[in-house]
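Heads up: the structure comes next, in structure tokens.
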Amino acid sequence: MITEILTRWQTNPTDWQHELRQAIREPIQLLQLLNLSPSELPQPLVLKPHFALRVPRSYIARMRKGDPTDPLLRQVLPIVAEQRQSPTFSLDPTGDKLAERVPGLLAKYSGRVLLMVTGACAIHCRYCFRQHYNYSTGSSLLAAIAFIRADSSISEVILSGGDPLTWTDNRLAELIHQLAQIPHLQRLRLHTRLPIVLPQRITHELLNQLTQTRLQPIIVVHANHANEIDESVGYSLQRLVAAGITVLNQSVLLRGVNADATALINLSEILFNYRVLPYYLHLLDRVQGATHFEIPKLAALELLAQMRIALPGYLVPRLVQEVAGMAYKQPIL
Ligand SMILES: *Cc1c(COP(=O)(O)O)cnc(C)c1O
Ligand code: SF4
């Protein structure tokens with residue numbers, strides 16, 4: 001299986017772009033692929049949500065057929081619960097707008113800036129805290145690079161979005177080249193879900209770019225459940241690690257997906273099978289549309305205690321919450 005995948009990736013390095021275009025965008029079509037009818041769902045579907053459905057077929061292939069409660073399906077399927085409003089859930093829960101210095105560049109934490117290079121993602125996660133973000137100002141990379149060049153306290157640039165790996169290898173190469181010319185930058189970090197949802201994205205060319213720059217590369221992937229990590233995902237993660245890239249994972253604690261000690265323990269174990277370390281476990285950011293995913297703080301702490309009992313310390317992620325205006329992600333204690 002692995003050799004088959006390897007051969008295919010090597011013969012056609014742009015397979016991932018084809019997969020991206022073939023992503024499913026219709027809720028009914030997604031259900032059909034899973035042998036489900038809308039009446040079997042615990043809640044009615046939303047056929048035209050404000051944040052459109054998007055799921056790559058290879059991710060759908062990892063869902064259990066005929067199971068309306070599948071933890072991967074739950075992350076992507078628009079249901080009426082997301083129309084519930086709550087006064088404590090907002091359009092911009094993490095204060096992104098306040099932290100924006102030039103369009104697309106967020107400076108919240110000391111020494112690090114976050115560059116939102118695109119609004120595009122391969123998958124649309126229903127709980128995403130940037131689902132209402134207005135990305136129409138995208139074309140200001142020059143201003144962002146000038147900002148970074150002018151501030152010598154910045155040592156790390158985080159490419160985020162959206163998903164920076166929806167950019168082509170050529171486009172990324174150009175950006176990395178420009179960043180590497182800024183003398184005070186030491187590290188280049190990518191926050192991306194693509195190694196998990198579209199593992200073919202990890203092309204030979206991408207590995208070259210990330211390892212041949214003078215900047216030290218770090219990739220923070222985003223997996224929430226062990227079922228997301230099949231053999232081809234594992235293979236992609238392993239290739240990143242083998243190339244010398246530090247690979248970490250961040251997850252969001254989600255009701256109906258992974259709010260269960262066994263699920264979280266299995267996730268840490270399978271990540272480390274491929275040498276990926278759990279980094280953050282986030283409490284849900286209170287974004288409008290996601291009230292049904294929230295887990296109370298006390299329940300989250302209880303889950304973390306169970307992880308501590310079952311796992312070596314390095315496989316226990318840091319339980320954190322992003323609080324607008326604070327100098328670092330807040331540990332939950
Ligand atoms: C989370 C985040 C970072 C990175 O924080 P680390 O604690 O270094 O992982 C940087 N900028 C923004 C805006 C963030 O939300
Ligand atoms: S991949 Fe990340 S940025 Fe994109 S929708 Fe999912 S959580 Fe949001």
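Order of appearance sets the numbers: ligands from 1, and atoms from 1 within every ligand.
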Q. Is there a heavy atom in R189 that sits closer than 4.0 Å to ligand 1?
A. yes

Q) Considering only the protein, which heavy-atom contact is closest to atom 8 (O) of ligand 1, and what is its distance? A) R112 NH1, 2.5 Å

Q) Do S90 and D92 have side-chain N/O donor and acceptor atoms under 3.5 Å apart? A) no

Q | Within reach of ligand 1, part of Q250 (heavy-atom separation under 4.0 Å) | A | neither

Q | Distance from atom 13 (C) of ligand 1 to nearest protein heavy atom, with residue and atom | A | K108 CD, 3.6 Å

Q) Do the ring planes of H50 and H132 sit parallel (below 30°), tilted (30 to 60°) or perpendicular (above 60°)? A) parallel

(Q) Between E100 and K97, does any side-chain N to carboxylate O distance fall below 4.0 Å? (A) yes

Q.
Would the distance check show the side chain of S251 and the main-chain N or O of A223 forming a donor-acceptor pair, the cut-off being under 3.5 Å?
A. yes

(Q) Show the atoms of ligand 2 that are less than 4.0 angstrom away from any heavy atom in R193. (A) 1 (S)

Q) For S110, does its backbone N or O pair with a side-chain atom of R112 as donor and acceptor, under 3.5 Å? A) yes

Q) Should Y280 be counted as touching ligand 1, given the test is an N or O pair under 3.5 Å? A) yes

Q: Determine whether the side chains of H282 and Q250 contain a donor N or O and an acceptor N or O closer than 3.5 Å.
A: yes

Q. Between the side chain of D163 and the main-chain N/O of R193, is any donor-acceptor distance below 3.5 Å?
A. yes

(Q) With nothing but distance in play, are any N or O atoms of K329 less than 3.5 Å from an N or O of ligand 1? (A) yes

Q | Option whose closest heavy atom lies nearest to atom 8 (Fe) of ligand 2, chosen from C125, G119, A122, C128 | A | C128

Q: Just let me know how Q131 lines up against ligand 2, side chain, backbone, both or neither, with a heavy-atom cut-off below 4.0 Å.
A: neither

Q) Of all the heavy atoms in Y328, does at least one lie under 4.0 Å from an atom in ligand 1? A) no

Q. How far is atom 12 (C) of ligand 1 from its nearest protein heavy atom, and which residue and atom name does that atom have?
A. L114 CD1, 3.5 Å

(Q) Please check this pair: side chain of Q29 against backbone of R25, looking for a donor-acceptor N/O pair closer than 3.5 Å. (A) no

Q: Would you please determine whether I123 falls within less than 4.0 Å of ligand 2 on a heavy-atom basis?
A: yes

Q. Which atoms from ligand 1 have a heavy atom of Y279 less than 4.0 Å away?
A. 6 (P), 7 (O), 8 (O), 9 (O)

Q | Distance in Å, D169 CG paired with W16 CH2, rounded so as to fall on 0.5 Å steps | A | 6.5 Å

(Q) For atom 2 (Fe) of ligand 2, what's the nearest protein heavy-atom neighbour? Residue, atom name and distance, please. (A) H222 ND1, 4.2 Å

Q. Under 4.0 Å from ligand 1, counting heavy atoms only, is it the side chain of V220, its backbone, both or neither?
A. neither

(Q) So if I apply the side-chain contact (heavy atoms from CB on, under 4.5 Å) rule between K108 and each of T94, L98, L114, which one comes out positive? (A) T94

(Q) Quick check on contacts: which atoms of ligand 1 are under 4.0 angstrom from a heavy atom of I158? (A) 3 (C), 4 (C), 10 (C)

Q.
Main chain of S58, side chain of R62: is a donor-acceptor contact present, judged purely on distance under 3.5 Å?
A. yes

Q | Part of C121 with heavy atoms under 4.0 Å of ligand 2, whether side chain, backbone, both or neither | A | side chain

**Q.** Per-atom contacts, ligand 1 versus E322 - under 4.0 Å to a heavy atom
**A.** 1 (C), 15 (O)

